Amino acid sequence: MTHPTSKRPPAAGRTPAAVLGLACALALATAGQAQAAPAAAAGTGTARSAAAAGAGEGAAGGRWSDVPHGFASLAGGTTGGAGGKVVTVTDQAGLAKYAAAEEPYIIRVRGSIAVEPFGAQIEVASDKTIVGAGDTGEIVHGELHLAPGTHNVIIRNLTIRDSAVEGNWDCKDTDFDGIQMDTVHHVWVDHNRFSNICDGQLDIRKDSEYVTVSYNRFENNNKTFGIGWTSNVRTQITVDHNWFAGTKQRNPSVDNAAYAHLYNNYLTAQADPDDPVWTYGNWSRGKTRMVIENSYYRDVQHPYQADATAELVERGSILQNTTGRHDEWGEAFDPHAFYAYRPDPAAAVPALVERFSGPQKRVGDAVTLHVPADYPTVQAAVDAVPAGNDGRVVVAVAPGTYREKVFVPAAKPNISLQGTGQKRSETVIVHDTPAAYGGSSGSATVRIAASDVTARNLTFANDFDEAAHELNGEQALAVKTTGDRIVFEDTAFLGNQDTLMTDSPAPAAVSRVYIRDSYIEGDVDFLYGRATTVVERSVIRALSRGSATNNGYITAPSTWKGNPYGFLITRSRIVSDAPAGTFHLGRPWHPGGDPDAVGQVLIRDTWLPAAIKSAPWTDMSGFSWKDARFAEYRNSGPGAAVTADRPQLGAEEARAYTVAAYLRGTDGWAPHTRH
C-alpha cells in the first residue's frame with residue numbers, strides 16, 4: 001500500500017507491539033469467543049499415542065482420532081504416510097503406483113476402484129496412509145497386500161468387498177483376502193467395511209507386530225479375521241469396537257499371539273448357525289494370551305473359546321442367547337501395563353458400534369497434517385497438499401512459535417490452518433519483513449491466495465520494528481489474502497502499519513473474508529484492501545504512535561466501485577491506548593490513483609473508545625473521504641458521539657448491510673451460520 005510516510009516516533013518505555021498484542025489477545029476476549037479443544041500431542045510414537053489413549057471415550061475424542069491407539073501406538077508409533085505428499089486416486093493404476101512407492105504418501109481413495117484381474121493384489125509399501133475420501137471410497141474384488149518387512153501403514157475408511165467366488169464358500173484354492181499382511185509391524189486398520197470376501201477379510205499373519213484393528217465392520221463372510229499361522233509367539237494386537245455380523249468363523253481366531261487385547265467388540269447374527277463346530281466367535285489358539293473386555297455377543301455359538309495351551313481372560317462382557325463354549329482360564333496379561341485405555345460399558349456397545357464402525361464421512365472428509373510432528377514447518381505441510389486439492393486438508397499446528405513465512409497458492413484450496421493449543425496465543429506464526437523488501441506480498445508473514453481456506457486458534461504476527469529502522473516502505477503485514485471464502489476464527493493479527501490486507505485477484509473481482517471472535521491490532525491502515533470483509537464479535541486495538549494529534553487509521557478500503565460491500569465491523573469492540581480524539585476510523589485508499597476504488601466501510605453495533613476523533617474519517621492522497629462510502633450505525637462508547645462529519649445509516653437502510661448481505665455473493669456463502 002503506497003501512501004505518505006507515517007513513521008511512528010520512538011516512545012519512552014514503549015512495549016514492543018508483538019509482546020503487547022500477545023497480552024491483549026489473552027486479556028481482551030470477546031463474548032462467544034471460540035476455544036479450540038486440545039488436539040494430538042506434537043510428538044510421534046508414544047507421545048502421540050497419549051492423545052488417542054481414550055479410544056472408547058466418545059466421538060469427540062478417540063472415535064475420530066487420526067492417530068492410532070492400542071499396540072499400534074507403541075514402540076515408536078504408527079504414522080503411516082505422515083510427512084509425505086497427499087494424493088487422490090480414482091483408479092487402480094493410481095492406487096497401485098502410490099501404494100507401492102518407496103516414499104511416504106497419504107493416499108485418498110475417491111469413489112469405487114474395481115481391481116483387475118479379479119482377486120488381484122495391490123502391493124502396499126511402508127510409510128503409507130490409504131484412506132477413503134468421504135465415506136464412499138472402495139476397493140472392489142481386489143486385495144491390499146503387505147509383504148514381509150512392510151511397516152508403518154494406516155488403512156482407514158474404505159469399503160473392501162466382493163472378491164467372493166460364487167459356489168466356492170471355503171476359497172482354499174483362491175486365497176483372495178481383503179487385506180493380507182505377513183511379518184509386518186506397526187499397522188492400523190480402522191473404520192473400514194469388509195464384505196463378501198472369498199477368503200479372509202483381514203489376515204494378519206506370520207509374526208506381525210504392533211497392530212491395532214478398530215471400528216471396522218466385518219460382514220457376510222466365512223473365514224473372517226485370522227491372526228497368526230506361526231509357531232512363534234510374537235504378535236501384539238488390539239482389536240476394539242468392531243462389528244462382526246453374518247460372519248461364520250474367525251471373529252477373530254488368534255494363533256500364538258503374545259498379547260491379544262479384544263474389547264468393546266460386537267458379534268451377532270453368525271452365518272451358517274447350524275454348524276456347531278466351525279461357527280464361533282473369538283478363539284485363543286496355541287499359546288495365545290487373550291484378554292476380552294466389555295464386548296457384546298448376541299445369538300452367537302461358541303462366543304469365546306481357548307485351547308488348553310492358551311490363556312483367555314474375559315471380564316465385563318454381555319452374552320445374549322449364546323450357546324457352546326465360554327472358556328476362561330489362565331491369567332493372560334494386563335493391557336494397562338502397555339497403554340492407557342478406557343473401555344465403554346458393554347451395554348453401550350451395540351449402539352456405539354452400529355453408529356461409529358465402518359467408513360465415516362467425518363473420518364474421510366479431512367486429512368490432517370501435523371506440524372512439527374510430521375512436517376517441520378507450516379510451509380512444508382502446505383507444500384504436501386496437491387495442486388487442485390478437492391478435499392479438506394487440516395494443517396494441525398502444535399503450540400510454539402514458528403518463525404517462517406507461509407504461502408498458500410491459489411491452486412491449493414480447501415486448507416484449514418488449525419492451532420492445537422488451548423489458546424490462540426500459544427501458537428504463533430511470525431516473521432519480520434517490511435514492505436521495502438517485496439511490497440505487500442513480500443512483506444506478509446502469511447499470504448493466502450487460495451480460496452476456501454480457514455484459520456483457527458492461531459496468532460499471525462509481523463514483528464518488524466519500524467521505530468528502529470529508516471526505510472521507504474515500513475508497512476509490515478501479518479496476513480495478506482486474495483482468495484475467496486476465507487474464514488478466520490479465534491485468531492490474532494499482530495503488527496503496526498498494514499497489519500491485515502484482505503484483497504482480491506483483480507480490481508473487479510470480489511473476494512470475501514469472514515473474521516469472528518478474533519483480535520486485530522495496528523496503527524496505520526491496519527485493516528485494508530478491496531475484499532468484502534466482515535469482522536464480527538472481535539476486538540480491534542488501535543495502537544498509540546505517541547502523537548498528541550494523530551495516531552493513525554483503522555481502515556483503508558479500496559473497494560471496487562461496482563461492489564456495494566467493503567468492510568463491515570459489527571458487534572465488536574475497538575480499544576486503544578492512544579489519547580482521546582487522536583485516531584481515525586479510516587480513510588479511502590485509491591491504489592495507484594485508481595478512481596474506481598471507492599472504499600466502503602460500515603461500523604455498526606460496536607463499542608468505540610475515546611481515542612476516536614469526533615470527525616473520524618479523513619482524506620488520503622488527494623481523494624476526499626466524502627466521496628467514499630463511509631458510515632456508522634448504532635455504535636456506543638465514549639468515541640461514538642454523532643457529529644456532522646459522521647454519516648449514520650437509518651434503520652431501514654441498515655437492513656441491507658448485514659453480515660449475511662456482505663457474505664452471500666452469488667453462491668449463498670454463509671459461514672456465520674455454521675455455529
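Every value quoted in this text rests on a predicted model; they were computed, and no experiment measured them. In what follows, every heavy atom counts, from backbone to side chain, and hydrogens, waters and symmetry copies are set aside.
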Can you tell if the side chain of [X] reaches within under 4.5 Å of the side chain of [Y], non-hydrogen atoms only?
| X | Y | answer |
| --- | --- | --- |
| Ser504 | Thr482 | no |
| Ile486 | Ser511 | no |
| Phe493 | Ile515 | yes |
| Tyr519 | Thr459 | no |
| Arg516 | Val659 | no |
| Ile415 | Leu417 | yes |
| Asn221 | Phe194 | no |
| His370 | Asp66 | yes |

Subject >> Verdict with supporting geometry, Asp390 and Thr88, side-chain contact (heavy atoms from CB on, under 4.5 Å) >> reply: CA-CA 9 Å; Asp390 61 352; Thr88 300; 3.9 Å; yes

Minimum heavy-atom separation for [X] to [Y], with atom names?
| X | Y | result |
| --- | --- | --- |
| Pro372 | Ala398 | CD-CB, 3.8 Å |
| Ile227 | Thr235 | CG2-CG2, 4.1 Å |
| Gly529 | Met501 | CA-CG, 4.5 Å |
| Ala147 | Glu123 | CB-OE1, 4.3 Å |
| Tyr263 | Pro343 | CD1-CB, 4.1 Å |
| Leu262 | Ser295 | O-OG, 4.5 Å |

Side-chain donor or acceptor of [X] paired with backbone N/O of [Y] under 3.5 Å:
| X | Y | value |
| --- | --- | --- |
| Arg447 | Lys405 | no |
| Thr673 | Ala670 | yes |
| Ser126 | His151 | yes |
| Lys480 | Ala444 | no |
| Lys423 | Asn457 | no |
| His185 | Thr183 | no |
| Thr420 | Ala396 | no |
| Asp190 | Arg156 | no |
| Asn216 | Val189 | yes |
| Thr212 | His69 | yes |

Pair [X]-[Y], side-chain donor/acceptor within less than 3.5 Å:
| X | Y | value |
| --- | --- | --- |
| Ser73 | Trp188 | no |
| Arg392 | Ser416 | yes |
| Ser518 | Thr491 | yes |
| Arg217 | Ser357 | yes |
| Asp162 | Asn196 | yes |

Is any NZ, NE, NH1 or NH2 atom of the basic residue among [X] and [Y] found under 4.0 Å from an Asp or Glu carboxylate oxygen of the other?
| X | Y | answer |
| --- | --- | --- |
| Arg205 | Asp177 | no |
| Asp490 | Arg456 | no |
| Arg403 | Asp463 | yes |

Looking at [atom1] of [X] and [atom2] of [Y], how far apart are the two atoms once the value is rounded to the nearest 0.5 Å?
| X | Y | atom1 | atom2 | result |
| --- | --- | --- | --- | --- |
| Leu146 | Ile122 | CG | CD1 | 12.0 Å |
| Gln201 | Phe244 | CD | CZ | 9.0 Å |
| Arg424 | Leu458 | CZ | CG | 11.0 Å |
| Arg108 | Asn157 | CZ | CG | 11.0 Å |
| His191 | Arg362 | NE2 | CZ | 10.5 Å |
| Thr533 | Tyr662 | OG1 | OH | 10.0 Å |

Original post:
Within a radius of less than 6.0 Å around CD of Glu116, do more than 12 heavy atoms belonging to other residues, nucleotides or ligands occur?
Top reply: yes

**OP:** Apply the side-chain hydrogen bond (donor to acceptor under 3.5 Å, both in side chains) test between Arg512 and each candidate in Thr532, Thr481, Asp484; give the one that qualifies.
**Re:** Asp484

Subject >> Identified ring pair (Phe, Tyr, Trp, His ring centres under 6.0 Å) counterpart of Tyr266 within the set Phe218, Phe356, Trp243, Tyr215 >> reply: Trp243

Original post:
How far apart are the C-alpha atoms of Glu138 and Ser112, what are their side-chain angles, what is the distance that settles it, and do they pass the side chain to side chain donor-acceptor pair (under 3.5 Å) test?
Top reply: CA-CA 5 Å; Glu138 61 178 13; Ser112 182; 2.9 Å; yes

Subject >> side chain to side chain contact (heavy atoms under 4.5 Å, CB included) partner of Asn152, the single match among Asp127, Thr129, Val187 >> reply: Asp127

**OP:** Applying ring-ring contact (aromatic ring centres under 6.0 Å, His included), run through Tyr341 and His261 and close with a yes or a no.
**Re:** CA-CA 11 Å; Tyr341 70 101; His261 183 202; 4.7 Å; yes

Aromatic ring pairing [X]/[Y], orientation class (parallel under 30°, perpendicular over 60°, tilted between):
| X | Y | result |
| --- | --- | --- |
| Phe460 | Phe488 | perpendicular |
| Tyr210 | His186 | parallel |
| His141 | Phe118 | parallel |

Subject >> Verdict with supporting geometry, Tyr98 and Ile130, side-chain contact (heavy atoms from CB on, under 4.5 Å) >> reply: CA-CA 10 Å; Tyr98 291 112; Ile130 303 176; over 6 Å; no

**OP:** Just do the side-chain contact (heavy atoms from CB on, under 4.5 Å) check on Val378 and Val446 with the steps written out, would you?
**Re:** CA-CA 10 Å; Val378 178; Val446 175; over 6 Å; no

Subject >> Evaluation steps, side-chain contact (heavy atoms from CB on, under 4.5 Å), between Leu158 and Leu144 >> reply: CA-CA 11 Å; Leu158 289 170; Leu144 296 178; 4.3 Å; yes

Original post:
Which is it for His241 and Ser214 under the side chain to side chain donor-acceptor pair (under 3.5 Å) test, yes or no, and what are the steps along the way?
Top reply: CA-CA 6 Å; His241 293 90; Ser214 55; over 6 Å; no

